[in-house]
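Just below is one structure, and these are the notes that go with it.
This is a predicted model, so every value here is computed, not measured. In what follows, chains are A, B, ... by sequence order, proteins preceding strands, each numbered from 1. What you see below is based on every heavy atom in this structure, not just the backbone, and it leaves out hydrogens, waters and symmetry mates.
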There are 2 protein chains.
Amino acid sequence: MLDPSPARTVARATGAARQSTVRESNLGLALATICAAPSPPSRATVAAEAGITRSTASRLVDELVGSGLVDEGVARLAGPGRPATPLLPAARVCALGLQVNAAHVAVRMINLRGEVLAESRSEPDLVGSHPDEGLQLLAGHVRRVLDQGPAGARLLGAGLALPGVVDAAGTRLLKAPNLGWTEVDPRAGLAPVLAGIPLSVANEANLAAHAFAQPTPGRRSAHAHFVYLSGEIGIGGAVVTDHQVQEGSHGFAGEIGHVTYLPGGDPCPCGSSGCLERYAGRLAMTTRAGLPPSTTLVELGRLARHGHEGSSRALALAAEALGVVLSGAINLLDLPTVVLGGEIGDLAEDLAPVLTQTLQERVMASPWMTIQVTRDRDDVAGATGAALRQLSQVVQNPSAYVAA
Amino acid sequence: MLDPSPARTVARATGAARQSTVRESNLGLALATICAAPSPPSRATVAAEAGITRSTASRLVDELVGSGLVDEGVARLAGPGRPATPLLPAARVCALGLQVNAAHVAVRMINLRGEVLAESRSEPDLVGSHPDEGLQLLAGHVRRVLDQGPAGARLLGAGLALPGVVDAAGTRLLKAPNLGWTEVDPRAGLAPVLAGIPLSVANEANLAAHAFAQPTPGRRSAHAHFVYLSGEIGIGGAVVTDHQVQEGSHGFAGEIGHVTYLPGGDPCPCGSSGCLERYAGRLAMTTRAGLPPSTTLVELGRLARHGHEGSSRALALAAEALGVVLSGAINLLDLPTVVLGGEIGDLAEDLAPVLTQTLQERVMASPWMTIQVTRDRDDVAGATGAALRQLSQVVQNPSAYVAA
DNA sequence: CCTGTTCGTTGCGTGCCAAAACTATCGGCA
DNA sequence: TGCCGATAGTTTTGGCACGCAACGAACAGG
């Protein structure tokens with residue numbers, strides 16, 4: 001158990017730089033600049049924004065336009081001097097985002113501009129279901145979205161968001177307690193409808209957090225560091241530092257629902273006890289409030305505001321539990337923002353007072369920092385994030401796309 | 001409290017690449033390769049290891065030798081073919097690491113090879129002391145180390161490790177509960193003895209974790225992802241992902257001692273209650289065991305092994321508390337290794353059974369990962385890390401040094 | 001119609017690395 | 001002793017990226 005050996009050492013993995021590296025880096029910078037711009041920039045604006053000369057920017061943009069990653073607008077940008085050609089991320093370059101959780105199945109097609117080109121969704125009850133059921137439902141949505149989508153669309157890839165532990169390679173779901181799925185490889189079942197589009201799987205909350213950190217491809221939100229909490233029947237989470245989702249060494253990071261709130265508390269199907277999910281998960285809250293398990297959190301919040309005792313108690317306990325666990329994350333990682341997403345986002349305003357109070361008390365550095373509690377309004381954030389992550393990879397390194 | 005505004009966006013901060021960027025990057029790569037090599041490499045070995053051509057490697061190494069960052073060995077490397085000149089990180093390029101905590105004051109001079117050139121330390125009791133007392137003691141050690149150190153030493157900088165919350169700029173200690181210091185700027189007091197050497201301040205556990213992740217400048221340990229726990233009177237910590245210490249958005253990250261173990265538990269001077277430190281800190285453990293506060297943890301461990309009831313109970317409770325809090329960190333961040341440093345490292349073998357068991361039970365992904373508990377044997381790891389961090393900056397970007 | 005302004009392009013120079021040829025210096029072997 | 005193979009390190013040539021500066025293009029306003 002205890003490893004007495006001194007740490008062995010390994011060489012550093014950073015690669016050598018060459019001229020082509022400069023090109024690749026600047027090509028990515030140019031594309032990211034165009035994607036991040038609040039309004040379509042000209043070549044000159046890209047140059048100024050990116051800190052390169054106009055000649056170089058022009059060469060880079062020409063290459064991006066040539067490869068189809070950037071569109072040139074038709075209307076010229078007026079003003080004194082020669083009118084400029086506006087540049088926009090390509091509308092036809094897009095990716096699919098898929099999502100299955102216990103209450104939502106959704107598929108979105110999103111393009112490089114961050115526009116949703118097509119969408120299909122349903123709200124089945126997949127608690128304790130067989131994987132095939134959910135995957136077939138999902139396949140139907142994929143078909144509809146592919147039909148709805150524009151004809152000339154160029155699909156880069158697809159991502160699937162699942163509420164559970166996914167292996168490091170992004171191929172297999174190991175365990176999704178609330179769906180009741182174990183060891184599922186969704187790629188085989190979806191391959192027919194995806195028609196050759198590569199699919200990568202990831203944890204739903206991690207993808208939702210990605211979408212919150214980078215709301216459109218290449219654009220970074222004002223929140224660089226935050227802890228994301230995705231509350232449905234269970235609770236998932238993610239830690240984002242410097243706009244990047246922390247994946248951990250195997251890709252298992254983000255299981256905040258199974259962080260202990262109360263040692264020796266309610267036993268949890270995961271094998272532990274006192275997990276946050278047993279106090280702030282939907283099922284736990286409705287049960288505690290004496291409501292039927294199908295009650296939504298919106299409904300529970302409404303009842304609490306109208307004086308329903310059980311709901312109020314359940315809410316207060318959830319807020320306390322969230323405060324204790326989130327303060328732990330903040331103490332450990334100095335995260336100034338808490339984002340409530342998924343269904344629990346609907347309770348944000350009800351939870352905020354107790355939650356904020358608890359955070360103030362329990363975060364050691366609270367006198368020197370302000371902690372913000374905010375919410376994510378995207379109700380299929382997992383699907384959004386799954387598509388955006390595919391697109392981000394291209395923005396990061398357009399050379400790979402240009403070559404292909 | 002609740003922020004309703006949608007996330008505003010900011011442009012990406014990555015800079016433009018040019019030819020000089022390639023040079024800088026490869027110069028850093030060459031130096032890092034030399035530093036990370038298990039035995040002094042030749043120019044040809046550097047080229048092979050770094051993935052660049054011999055001609056380029058030669059030019060880079062020549063520049064490093066010329067600037068004094070790399071030494072050429074005198075003895076040739078024998079074997080078939082032309083003998084090679086061995087390359088070593090410069091022995092005379094070094095940095096100072098300073099440390100003050102409640103029980104240890106230490107100063108180390110470490111060079112680019114990771115060798116300790118000089119050291120001076122003492123073990124005063126600074127609990128509730130005045131900052132001037134500790135800083136004057138420290139200044140004495142600095143003087144002694146500067147005297148002891150080799151004559152031609154080229155000092156790059158100095159780092160100071162403190163057991164508390166340090167501001168983002170690395171200039172001021174905001175709060176160190178166990179020393180009883182608040183709002184201290186150590187740079188003014190130390191400026192006379194440091195004679196122009198720039199000083200940067202940081203949290204002790206963060207620096208200790210840095211030293212564990214990168215045991216000598218430019219070399220990376222086998223542990224890329226881990227949570228570090230530095231246990232003295234209080235408990236500090238750090239999270240390391242991909243060999244990098246997580247600093248957080250203000251540099252406050254790592255306050256694992258004030259993560260809640262038991263909501264509503266023992267009140268803590270930090271204003272919260274049930275903090276880990278109240279169960280696994282030295283003071284908490286000795287008090288609980290019915291021993292005088294000056295008892296060391298080694299002593300407590302010895303007593304527990306010899307059947308002392310109170311000590312055994314205190315140990316078991318500490319292990320349980322550590323297990324609960326660390327499992328939370330692992331669930332959140334997927335960290336396969338726990339490192340026990342500082343005085344609590346002496347208890348590693350006593351804590352490991354219960355700790356490992358608790359981690360197995362409480363970490364959701366434990367069936368798919370092995371969690372290793374190990375220890376850091378450096379008893380002034382804060383000072384070591386403070387010096388190493390200074391040196392790492394040069395290895396990262398030698399161009400800045402070459403120019404100066 | 002002229003002028004000032006900004007956009008975008010073109011040609012040239014510089015700096016860096018890759019590739020390959022070349023030189024230096026060993027060990028081994030007849 | 002002298003030759004050969006092997007490896008280290010250097011030199012030369014070429015290619016490719018960007019910066020710089022000058023130029024042409026296309027507008028707005030007087």
Side-chain angles (χ1 to χ4, degrees), chain A residues 14-30 33-34 37 39-66 70 72-87 397-399 402-403, chain B residues 14-30 33-34 37 39-66 70 72-88 398-399 402-403:
Chain A
T14 322
R18 54 194 71 192
Q19 277 99 323
S20 61
T21 314
V22 174
R23 183 66 167 191
E24 285 166 26
S25 166
N26 284 342
L27 206 58
L29 179 60
T33 305
I34 292 170
S39 66
S42 66
R43 286 167 167 76
T45 310
V46 170
E49 203 67 33
I52 52 187
T53 59
R54 285 208 309 279
S55 62
T56 302
S58 225
R59 278 190 292 259
L60 294 169
V61 168
D62 286 346
E63 191 169 343
L64 290 172
V65 171
V70 167
E72 286 187 309
V74 278
R76 304 281 134 143
L77 298 170
R82 175 177 171 177
T85 42
L87 302 167
N397 180 20
S399 304
V402 171
Chain B
T14 323
R18 54 193 72 191
Q19 277 98 323
S20 60
T21 313
V22 175
R23 181 66 168 195
E24 285 165 25
S25 166
N26 284 342
L27 205 59
L29 179 59
T33 304
I34 293 170
S39 65
S42 65
R43 286 166 168 78
T45 310
V46 170
E49 203 68 35
I52 52 187
T53 58
R54 285 207 309 278
S55 61
T56 302
S58 226
R59 276 193 300 265
L60 293 169
V61 168
D62 286 346
E63 191 170 343
L64 290 171
V65 170
V70 166
E72 286 186 311
V74 279
R76 303 281 135 143
L77 298 169
R82 178 176 170 177
T85 43
L87 302 167
L88 300 103
S399 305
V402 170

Open item on the list: I need the minimum non-hydrogen distance between A:Ala47 and A:Ala57, along with the two atoms involved.
Closed with: CB-CB, 3.5 Å
Open item on the list: Distance check, rounded to the nearest 0.5 Å: B:Thr33 atom OG1 versus B:Leu29 atom CG?
Closed with: 4.0 Å
- [ ] Nearest whole angstrom, please: distance from the P of C:dG15 to the CD of B:Glu63.
- [x] 13 Å
Open item on the list: Check this one for me: any side-chain N or O of B:Asn26 less than 4.0 Å away from OP1 or OP2 of C:dC17?
Closed with: yes
TODO: Rounded to the nearest 0.5 Å, what's the gap from CG on B:Leu60 to CD1 on B:Ile52? Could you check?
DONE: 5.0 Å
Task: B:Arg18 CZ - C:dC17 C1' separation (whole Å) - done: 18 Å
Task: Any donor-acceptor pair under 3.5 Å from B:Ser25 side chain to B:Thr21 backbone - done: no
Under 3.5 Å, N/O pairs linking protein and nucleotides 22-25 of chain D:
residue : atom : partner : partner atom : Å
D:dG24  : N2   : A:Arg82 : NH1          : 2.9

Task: Distance (rounded to the nearest 0.5 Å) between B:Asn26 CG and B:Glu63 CD - done: 11.0 Å
TODO: Before accepting this row, confirm whether a basic side-chain N of the pair A:Arg18/A:Glu24 lies closer than 4.0 Å to the acidic partner's carboxylate O.
DONE: no
Task: Spacing of B:Arg43 atom CZ and B:Ile34 atom CD1 [to the nearest 0.5 Å] - done: 8.5 Å
Task: Distance in angstrom units between A:Asp62 CG and C:dG8 C1', rounded - done: 9 Å
- [ ] Let me know the distance between CG of A:Leu29 and P of D:dC18, rounded to the nearest Å.
- [x] 11 Å
Open item on the list: With a 3.5 Å cut-off and heavy atoms only, can you find an N or O donor on one side and an acceptor on the other between the side chain of A:Ser55 and the base of D:dC20?
Closed with: yes
Task: Closest-nucleotide ordering on DNA chain C, the 5'-leading residue of B:Val22 and A:Thr85 - done: A:Thr85
Open item on the list: Under 4.0 Å from OP1 or OP2 of D:dC18: is there any side-chain N or O of A:Thr56 that close?
Closed with: no
Open item on the list: Name the residue from B:Val61, B:Asp62, B:Thr56 that meets the side chain to side chain contact (heavy atoms under 4.5 Å, CB included) definition with B:Arg59.
Closed with: B:Thr56
Task: Donor on one side chain, acceptor on other, B:Thr45 and B:Ser42, under 3.5 Å - done: yes
Listing time: all N or O pairs from protein to nucleotides 13-16 of chain D that are below 3.5 Å?
residue : atom : partner : partner atom : Å
D:dG15  : N2   : A:Gln19 : NE2          : 2.2
D:dC16  : O2   : A:Gln19 : NE2          : 3.4

